[in-house]
Amino acid sequence: MNSHLTATGSAYFMEARKQAEETHTLAVVVDNQPGVLARVIGLFSGRGYNIDSLTVSETQHERHVSRITIVTTGTKQVLEQIKNQLTRMVPVHSVADLTEQGSTISRELAMVKVSGTGEKRMEALRLADAFRARVIDATTESFIFELTGKPDKIDQFISLMVPLGLIEVARTGVAGISRGAEAMKV
Amino acid sequence: MAAGELMTGAEIVLKALADQGVEHVFGYPGGAVLPIYDEIFQQDKVQHFLVRHEQGATHAAEGYARSTGKCGVVIATSGPGATNCVTGLTDALLDSIPMVVITGQVPTHLIGNDAFQECDTVGITRPCTKHNWLVKDVNDLARILHEAFHVATHGRPGPVVVDVPKDVQFGKGKYVGPKNIEHPTYRPRVKPDQTLIRQAVDLIATAKKPILYTGGGVINAGVTASRLLREFVKMTGMPITSTLMGLGAFPGSGKEWLGMLGMHGTYEANMAMHDCDVMICVGARFDDRITGRLDAFSPGSKKIHIDIDPSSMNKTVAVDIAIAGDAAHGLEDLIRVWKARNAALDKKALAEWWKQIDIWRARDSLKYRSNKDVIMPQYAIQRLYELTKGRDTYITTEVGQHQMWAAQFYKFEEPNRLMTSGGLGTMGYGLPAAVGVQVAHPKALVIDIAGDASVQMTMQEMSTAVQYRLPIKIFILNNHYMGMVRQWQQLLHGNRLSNSYTEALPDFVKLAEAFGGVGIRASRPDELDAKIMQMIDTPHPVIFDCEVMNVANCFPMIPSGKAHNDMILGEEIADEDVGNVIDAKGKQLV
């Protein structure tokens, strides 16, 4: 009783985030119907979840099924919420937390345009070779490199290209799959 | 119609509704749904009720759905017709009410052209529906409509929208029946995991201070769930409280009943929640109005949560045993395993627990100062309850103080008898909801317990009630204020009553008469009973203007930033102290 003597807080309880945040990669298999991506993105923006990366493409054409790979950051509780919220969406077949399942392969593709001449141009080419990037377009003043790898490898390559004349980057975002003989259930 | 014969889209809509067993729909015509309205005119299986605003149609459908357990159906036109449905859709989403809204849309080739009365209906309603569809091919229409009913009524119920462009309504296509709808992806879990049920029974059997905390999920799981809940309480002898949405699942006159819990719940319900050692939550979702301060919410208890929606679990409150499943199946399994084990609660501990609860009860937290000259709002609800309790009565409410007083003072004995906007808190819900309830139960006594502010938000639906001779009773607790807004301003904003007083209320008696209904006014306690009886005996729509004590506030209350064991009781504060109850820090955070 006598509530007026002490107190803080609110009817809308505002909790300081105490739990550590984790980054997880989720694979979401959905019906490829109009608006399904808007639905998934709307869930994230509407409920205040983070999207670090999102990629989507139809993976089974005959069944019109798409796979969305989402990299997201949140506390354990929030990540659990995200999975439950995704699972209950009508066009969602299944949700897998690749990070939780353990051994996962994540890859991203980038196309990196570098412009320059002389020594800088040569240096860019040498570095590209070291990173196993392929030249997919060239003029006398520019290259476009294609590079596949983990996001941090691509980040590193891009940062090395900055002083060598980096002018444009296109990245696909992360696609993920778990190792081993088992397939994700759909 | 011979098999394989082609039908127009509009015919398919009506055929699908009839095949889904729909008898009543609520709606409003307009350019983009005229083909459907033309079909409505030419058939007699589905009866259409013309509302005065599409929001009214959605709330009427909600009232219809919640009082019957069936799916509510709305038809609205494109553009403003669809946007007017948004409040009702959101309301139904938050309160898990099954509803199918069919909207017209501009012809397919005009979509995206900013055509007359065009809006992105599926875009706008995506976050406020369980699912929605834009039908681009008439051959998909029947399947989508049946799928829409399936999604709305299965799992955790909710609203869906089917947006049908005008050319699809005119176009001809194949009809398919509703049978064998097995959704390719949407298969919510209904039957609980038996291992978890056994763990739950183990835990309950050890309880010394158990409590059942139930919610709207028990109502949504059907009458069986309420029967099972009663059986479970009888079998174990444990106390039970419920959210606003769950009222009626357990009888309000039952001896194990503690009253509603939460912000305006009873002292005994909230104290028991705080001090319990095992909490069994069935079909409720630990809403912020229920839990109060989260870090002080029932700190010493082990928690079991049975819910159809896994996303409600561990969302705000971490629980020890989370059981995904329908409330009826969950309770059935609990009872079966409990009986098979011959389990029983520790009798001595339970008696001690009840002794403690009786001490809390003795505080009589709903007590208010009675008055001989002015009608106290609580008294008005008490008299309304006493004079209607033996009848086949359905109550709807608007949102605010009157809603909380209705929850506190009207005892609901059966499920599906209270229709109220719990999650969204939609002022203006009650009147159209009463229209929907009366359509479903033509012989019943349907009363909208209203406030003078809320009722004006959808007052035009009085005209619908008059048109269809629906004898709803609108019982307005008239205090000239937005009472709950004023109460918060008094508690939290230095008693500065910013825009919460209505200086130009209509004369509700004359207003009733203008609509073609009956107006009744009561201003003194000694005339209240006779006037209420007059209202009950009037076979027409009635607006009852009950002039009540205009500064009365709703207590008990868990104020901002407080826990369940830290309530303000009505008797403890004089009106002049009301502004000092919550400190500055608490005020900032609400």
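The model shown is predicted, which means the values in this text are computed figures rather than measured ones.
Formation of a donor-acceptor pair under 3.5 Å by the B/S311 side chain with backbone atoms of A/N84 is not found in this model.
Heavy-atom distances place no part of B/K136 under 4.5 Å from chain A, backbone and side chain included. With a 4.5 Å cut-off on non-hydrogen atoms, A/Q85 touches chain B through its backbone and its side chain both. There is no contact between B/R187 and chain A, counting heavy-atom distances below 4.5 Å. Interface remark: B/D309 contributes side-chain atoms only to the contact with chain A (heavy atom separation under 4.5 Å). Using a 4.5 Å cut-off between heavy atoms, B/P310 contacts chain A through both its backbone and its side chain. Using a 4.5 Å cut-off between heavy atoms, B/V151 touches chain A through its side chain atoms alone. Only the backbone of A/V92 comes within contact range of chain B, with at least one heavy atom under 4.5 Å from a heavy atom of that chain.
One distance of note links CD of A/Q81 with OG1 of B/T316; it measures 8.5 Å at 0.5 Å rounding. Note that the CE atom of A/M89 and the NZ atom of B/K130 stand 12.5 Å from one another [nearest 0.5 Å]. B/R189 CZ to A/T87 OG1: the interatomic distance, rounded to the nearest 0.5 Å, is 13.5 Å. Annotation: the span from B/N314 atom CG to A/K76 atom NZ amounts to 13.0 Å, rounded to 0.5 Å. The distance from the CZ atom of A/R88 to the CD1 atom of B/I308 is 11.5 Å, given to the nearest 0.5 Å.
In this structure, A/E141 places its CD atom where only 12 or fewer heavy-atom neighbours from other residues, nucleotides or ligands lie under 6.0 Å away.
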For this session: Carefully, step by step, assess A/E80 and B/M313 under the rule side chain to side chain contact (heavy atoms under 4.5 Å, CB included).
Result: CA-CA 9 Å; A/E80 204 53 45; B/M313 288 162 180; over 6 Å; no
Exercise. Going through the distances and angles, do A/V78 and B/K315 end up as a side chain to side chain contact (heavy atoms under 4.5 Å, CB included)?
Worked result: CA-CA 8 Å; A/V78 167; B/K315 183 168 68 177; over 6 Å; no
